[in-house]
Participant: 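Pasting a structure here, questions to come.
Every heavy atom of this structure was used, including side-chain atoms; hydrogens, water molecules and symmetry mates were not.
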Amino acid sequence: MTRLEGKIAIITGAGSGMGREEALLFAREGAKVVATDINEVAVQAVAEEIKAAGGEAISVAHNVTSEEDWKKVYENTINTFGKLDVLVNNAGISQRPSMEELTIEQWDLIMNINVKSVFLGTKLGLPHFRANGGGSIVNISSIAGLKGSSGAGAYTSSKGAVRMLTKACAVDYGKDNIRVNSVHPGFIVTPMSKAYMEDEKMSKWFLAQTALPRVGQSEEVAEAVLFLASDASSYITGVELPVDGGVTAK
């Protein structure tokens, strides 16, 4: 039996990178996937790829900072599939201006996309999880949410906020059988990071930080997210799971 057989999963930021891999893996493992992204063309392509492989999926154009868009996502999910089992708050951005260079507009943008989106998705999803008798929320944070990251004060702050919001919700909603956990990727190859990873100087720096002698792949993050979404982690809530090749162990 596949690991997510019969489950309905919303994955934000599913048009590319880690979100895309999560959506494809979830579908292979039996989930019916609601793939959302602000890039409507990209996320439609992911849904079509899932359906071409024999899975079930719909795509929804989604600005994760918009309450109305979140309501639309949940309405589409319930109308199409009838329930909600899993929410993966994957959408996020990374910017690295120093605190002295950072503008108020940049700060607000990072906080809105990385933190407000998790708040909105969780808040508006709770009634649907309760109606289903529980479920799993997986929030994608970062190793920057576990340790300081030079030149990335806003990003680090946002990912630390995701980590602690995760723990607060785990405590508050465990009574409803709603599990809430966070995943903390390290140096992962994605379309966003590819240029850095291919730069020789940066690549050497990344490898110097890890215990394992390589950077990670999006598929490896997706496997960790799958574990926390599935019943295999049924007694796990409020944890922070690094997928970082040992960066946080050093």
Participant: Check which hydrophobic residues are tied to Val41 through side-chain heavy-atom contacts below 4.5 Å, counting indirect links as well, and list them.
Facilitator: none
Participant: Is it the case that over 12 heavy atoms from other parts of the model lie below 6.0 angstrom from the CD atom of Glu40?
Facilitator: no
Participant: Would you mind listing every side chain to side chain donor-acceptor pair (under 3.5 Å) that reaches into residues 75-84, with sequence neighbours excluded?
Facilitator: Lys83-Asp85
Participant: In chain order, what residues pass the side chain to side chain donor-acceptor pair (under 3.5 Å) check against Ser136, with sequence neighbours excluded?
Facilitator: none
Participant: Output all residues satisfying salt bridge (Lys or Arg N to Asp or Glu O under 4.0 Å) with Glu5, sequence neighbours left out; order by chain, then residue number.
Facilitator: none
Participant: Please collect all ring-ring contact (aromatic ring centres under 6.0 Å, His included) contacts where either partner lies in residues 44-70, sequence neighbours excluded, each pair once.
Facilitator: His62-Trp70, Trp70-Tyr74
Participant: Mind checking what makes side chain to side chain donor-acceptor pair (under 3.5 Å) contact with Thr248, not counting sequence neighbours?
Facilitator: Asp244
Participant: Show me the pairs that pass salt bridge (Lys or Arg N to Asp or Glu O under 4.0 Å) and involve residues 167-181, at least two apart or across chains.
Facilitator: Arg130-Asp176, Lys167-Glu240
Participant: Would you give me the side-chain donor-acceptor pairs under 3.5 Å for residues 47-56, sequence neighbours excluded?
Facilitator:
unit_1 : atom_1 : unit_2 : atom_2 : d
Glu48  : OE2    : Lys51  : NZ     : 3.1
Glu49  : OE1    : Arg20  : NH2    : 2.8
Glu49  : OE2    : Arg20  : NH2    : 3.2

Participant: Could you list all the salt bridge (Lys or Arg N to Asp or Glu O under 4.0 Å) pairs where at least one residue sits in residues 222-236, not counting sequence neighbours?
Facilitator: Arg3-Glu223, Lys7-Asp231
Participant: With Phe81, which residues qualify under ring-ring contact (aromatic ring centres under 6.0 Å, His included), at least two apart?
Facilitator: none
Participant: Taking only residues at least two apart or on different chains, which pairs with a member in residues 202-249 satisfy ring-ring contact (aromatic ring centres under 6.0 Å, His included)?
Facilitator: Phe187-Trp205, Phe187-Phe206
Participant: Quick test of your reading of the model: are Lys204 and Glu200 salt-bridged, counting only N-O distances below 4.0 Å?
Facilitator: yes
Participant: Apply salt bridge (Lys or Arg N to Asp or Glu O under 4.0 Å) to Arg28 and list each qualifying residue two or more places apart in sequence or on a separate chain.
Facilitator: none
Participant: Taking all heavy atoms of Ala208 and all of Lys250, pick out the closest pair and write down the distance.
Facilitator: O-NZ, 2.9 Å
Participant: side-chain contact (heavy atoms from CB on, under 4.5 Å) for Lys71 and Leu124? Distances and angles first, verdict last.
Facilitator: CA-CA 7 Å; Lys71 290 178 180 177; Leu124 297 176; 4.1 Å; yes
Participant: If we count only N and O atoms by modelled type, under 3.5 Å, do the side chains of Asn114 and Ser158 hold a donor and an acceptor together?
Facilitator: yes
